[in-house]
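Here is the structure we will look at, set down as structure tokens.
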Amino acid sequence: MPGVISVGLPDGSTRELAEGTTAGELAQSIGSRLAKAAVVATVDGREVDLESPLPDGAKVSIVTADSEAGRVVLRHSTAHVMAQAVRRLWPGAKYAIGPVIENGFYYDFELPGGAHFSDDDLPRIEAEMRAIIKEDQPFVRHEHDLEDGLDIFADQPFKQEIIQAVGTGADEVDAAGTVVSTYRNSDAFIDLCRGPHVPSTARLGHFKLMRVAGAYWRGDEKREQLQRIYGTAWESEKALAAYLHQLEEAERRDHRKLGAELDLFSFPEEIGSGLAVFHPKGGTIRRLMEEYSRQRHVEAGYDFVNSPHITKSALFEESGHLDWFADGMYPPMELDGGTQYYLKPMNCPFHILVYKSHQRSYRELPMRLFEFGTVYRYEKSGVLQGLTRVRGMTQDDAHIFCTREQMDTELVRTLHFVLDLLRDYGLNEFYLELSTKPPGKAVGSDDDWEVATEALRKTALEMGLDLVMDEGGGAFYGPKISVQARDAIGRTWQMSTVQLDFQLPQRFGLEYVGADNARHRPIMIHRALFGSVERFMAVLIEHYAGALPTWLSPEQVRVIPVTDAHAAYAQAVADACAVAGLRATVDGSGEKLGALIRRAKLAKIPYVLVVGDQDVAAESVGVNRRGWAGKPEHGVALDDLLAEVTAEVARKGLPEDRAPEAAPG
RNA sequence: GCCUGGGUAGCUCAGUCGGUAGAGCAGCGCACUCGUAAUGCGCAGGUCAGGAGUUCGAAUCUCCUCUCAGGCUCCA
């Protein structure tokens with residue numbers, strides 16, 4: 001029928017529309033609420049502007065602002081508005097790229113005269129953005145050939161470079177490689193962009209500029225340093241507020257803050273950046289983490305080894321670290337008339353020497369060598385961050401030497417072991433990431449890399465977890481799988497790494513004698529489950545917001561006597577706890593009860609026991625459990641309480657787990 | 001290493017126009033002896049990150065260094 005087209009909707013229905021009907025008009029015809037929420041449409045799987053006329057027979061769905069895809073569009077469009085605002089406030093500013101990132105967007109600029117943004121500029125830019133939004137400027141798409149594109153952006157070197165990247169698959173360039181698209185908001189502002197965008201700036205408004213930062217053009221530190229502004233944008237004030245609240249929550253859980261408040265560790269300036277000392281409470285947590293890990297490693301068939309912190313340079317020459325990892329190492333110290341000694345950045349060469357200490361038989365394999373190995377890496381000062389990125393750390397490091405035939409089994413076994421252990425520490429949601437050969441920064445043949453990468457991929461798929469690719473992210477000697485864990489507020493952390501290595505056995509000439517009486521080369525699996533003890537502790541602190549499970553709490557029970565007259569009984573209760581294997585202290589410092597309770601609560605102690613006359617008489621305790629909203633229990637028999645807490649320790653639980661209703665904090 | 005913003009008592013922070021430093025909490029002492037998240041009073045505590053400069057005089061202005069936060073880059 002001339003003049004009429006038919007389109008398919010997501011629910012399977014079809015609609016007859018006048019030829020030339022746009023996606024926006026379709027949304028309007030379905031319902032005004034949908035039209036109001038619509039930002040773009042998907043036509044045959046491709047996102048288009050609402051202004052686009054629909055082709056006959058297309059499958060169309062409307063993308064709304066409150067969907068993930070919709071927020072991407074909002075953020076992208078908001079980035080354009082920000083660029084326009086910056087161009088208004090800094091005439092002559094060059095603009096580079098403005099992509100969408102997780103929860104927001106950024107845009108990179110080069111300001112005239114080498115000027116920099118400061119935090120004070122953000123409110124001014126926001127105000128200008130609100131003005132632009134109020135002006136209800138349309139986003140109008142145009143397509144140009146390359147020459148016109150270069151012409152339009154004649155005074156924009158970064159845009160020129162993007163356009164010239166045609167054929168290399170740059171994002172902003174049309175798939176055909178011959179067309180560039182632009183979006184014009186007003187005579188004063190046009191941007192190179194693949195789109196799609198919201199119909200008008202009036203559709204935006206729930207945004208906030210977060211911070212300014214320096215960033216290199218194309219991420220290359222040899223190129224121009226640009227000025228970047230980060231922002232976030234959402235479909236509603238409510239969603240924006242929820243996001244900002246989430247950030248506050250993350251701040252509340254910051255392990256650096258909690259580490260100081262709970263007296264766990266510090267970074268004394270006298271020692272140097274990125275080098276922590278652990279205080280008694282933090283030291284206790286470490287000890288508990290390590291003790292349980294050791295126990296599990298024994299059960300899993302690991303052998304324990306130890307190696308020194310420094311070595312002559314020859315070892316790291318042989319391993320290749322000095323060729324590929326020298327930047328990450330502390331400079332050498334010269335001893336014994338010119339011999340250079342290095343602090344170790346990795347444990348693997350030492351474990352290799354253990355393997356090499358005598359001839360090995362196939363009967364010994366797989367050989368799993370484990371060590372809490374302390375390593376030092378000279379990280380660039382700007383990357384240091386609390387305990388998650390330090391210059392001295394202890395890895396729960398092991399190297400598994402095995403035959404090629406054993407490789408698959410060992411990988412699967414190792415991953416099961418990792419996940420099982422992490423679950424015991426309270427992490428339950430995981431996905432895997434596979435990192436492949438780093439271009440130009442790797443040893444070994446492509447063949448070996450291919451085989452190793454495939455083995456890891458196969459193992460990862462067998463685990464039934466989501467797998468994402470990290471192209472080029474492997475270490476210089478081999479590809480790796482890393483286990484990413486999601487914490488209590490949904491953030492992901494890189495935890496364990498499992499790396500497959502054909503190179504180091506070759507460099508060190510490792511061998512074993514097979515059943516055939518011939519010499520064969522073993523392969524190596526490098527694996528660290530915590531990653532580093534320091535980092536893992538940081539993750540646990542943030543995951544639990546400092547309220548660690550009872551088994552990991554440095555102080556599990558605090559006993560508070562109501563008056564001095566109950567001090568002896570309070571000590572007897574603490575002693576009984578100690579006999580039951582619990583860590584307990586008495587706080588009888590003479591303040592009012594409320595103040596003592598408060599102090600114990602702020603220290604996030606799982607069990608606070610208050611004892612008075614009634615308890616002395618009945619051998620009972622008043623029990624105030626962490627995270628319980630209800631009233632504290634009175635007159636609990638001491639033996640019952642000890643049974644309760646020891647059972648909780650045994651199952652690695654939290655007092656909050658059994659709370660009728662968990663209280664905040 | 002680079003960009004932006006910081007560094008004042010153990011912690012959190014105030015300190016005006018350049019005129020030699022202040023609070024709360026924590027600590028210590030005394031009094032209070034109290035049944036579930038802050039008792040009162042008193043005392044002590046600072047080379048204002050470090051160094052140099054400008055000035056009659058610098059926490060305050062300038063420069064350098066160290067260090068912290070957020071980014072870039074990198075990564076456990």
Side-chain angles (χ1 to χ4, degrees), chain A residues 106 108 114 116-122 210-230 251 254 256-257 260-261 263 266-270 272-274 327-328 345-346 375 377-390 393-397 435 470 473 475 480 482 493-497 499 526-536 538-539 560-567 588-603 608-615 621-625 628 631-635 663 665:
Chain A
Y106 66 82
D108 287 345
H116 300 304
F117 291 122
S118 79
D119 288 343
D120 300 335
D121 293 327
L122 295 182
M210 305 302 286
R211 58 178 54 95
V212 302
Y216 298 104
W217 171 233
R218 306 237 136 154
D220 181 347
E221 60 184 299
K222 291 181 193 66
R223 303 215 47 186
E224 298 88 333
Q225 172 128 24
L226 304 176
Q227 289 286 302
R228 174 172 299 179
I229 299 178
Y230 285 90
E251 207 178 312
D254 191 317
R256 293 163 301 189
K257 194 164 162 261
E261 281 174 14
D263 195 17
S266 60
F267 290 89
E269 272 192 36
E270 294 86 336
S273 302
D327 283 352
M346 293 186 191
V375 298
R377 298 184 185 174
Y378 187 72
E379 302 286 357
K380 288 190 270 182
S381 65
V383 308
L384 298 172
Q385 212 205 29
L387 286 180
T388 59
R389 196 97 170 105
V390 293
M393 58 169 163
T394 300
Q395 295 182 308
D396 60 332
D397 207 2
S435 302
D470 169 31
K480 70 176 178 192
S482 55
W493 301 83
Q494 177 175 326
M495 306 292 340
S496 320
T497 58
Q499 300 183 333
H526 306 240
R527 41 109 294 178
L529 309 190
F530 292 162
S532 78
V533 179
E534 290 81 0
R535 180 186 163 82
F536 192 59
V539 172
I560 298 176
V562 174
T563 75
D564 291 349
H566 313 114
S589 53
E591 307 222 33
K592 297 230 171 188
L593 191 56
L596 297 179
I597 303 267
R598 178 166 193 270
R599 190 186 296 171
K601 288 291 179 187
L602 290 175
V608 179
L609 307 183
V610 174
V611 295
D613 287 337
Q614 181 194 333
D615 300 299
V621 290
V623 183
N624 190 328
R625 298 170 180 84
W628 285 50
K631 284 194 173 167
E633 246 184 297
H634 280 77

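Labels below follow one simple rule: chain letters A, B, ... track the order of the sequence lines, proteins then strands, and each chain is numbered from 1.
With sequence neighbours left out, the salt bridge (Lys or Arg N to Asp or Glu O under 4.0 Å) criterion links A:Glu269 to no other residue. Applying the side chain to side chain donor-acceptor pair (under 3.5 Å) test to A:Ser381 and every residue at least two apart in sequence or in another chain returns nothing. Not counting sequence neighbours, the partners of A:Tyr106 by the ring-ring contact (aromatic ring centres under 6.0 Å, His included) test are A:Tyr230. Listed by chain and number, the residues in a side-chain contact (heavy atoms from CB on, under 4.5 Å) with A:Leu384 are A:Ser273, A:Glu379, A:Arg391 (sequence neighbours excluded). Partners of A:Gln499 by side chain to side chain donor-acceptor pair (under 3.5 Å), not counting sequence neighbours, listed by chain and number: A:Tyr477. Applying the salt bridge (Lys or Arg N to Asp or Glu O under 4.0 Å) criterion to A:Arg625, with sequence neighbours excluded, gives A:Glu633, A:Glu644. Listed by chain and residue number, A:His297, A:Tyr302 satisfy the side chain to side chain donor-acceptor pair (under 3.5 Å) test with A:Arg527 (two or more places apart in sequence, or in another chain). Not counting sequence neighbours, the partners of A:Thr394 by the side chain to side chain donor-acceptor pair (under 3.5 Å) test are A:Arg286, A:Thr374.
The phosphate of B:C72 has OP1 or OP2 within less than 4.0 Å of a side-chain N or O from A:Tyr230. Residue A:Gln385 has no polar side-chain atom (N or O) positioned under 4.0 Å from OP1 or OP2 of B:A76. Phosphate proximity of B:A76 to A:Lys480: present, with a side-chain N or O under 4.0 Å from OP1 or OP2.
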Below 3.5 Å is the cut-off: list the nitrogen or oxygen pairs between protein and nucleotides 63-67 of chain B, distance only.
from, atom 1, to, atom 2, distance (Å)
B:U67, OP1, A:Ser273, OG, 3.3

Can you tabulate the close N/O pairs, meaning under 3.5 Å, that link protein atoms to atoms of nucleotides 4-6 of chain B?
from, atom 1, to, atom 2, distance (Å)
B:U4, OP1, A:His116, NE2, 3.1

Protein-nucleotides 41-48 of chain B N/O pairs under 3.5 Å:
none

Sort me out a list of protein N/O and nucleotides 25-30 of chain B N/O pairs below 3.5 Å, or just none if empty.
none

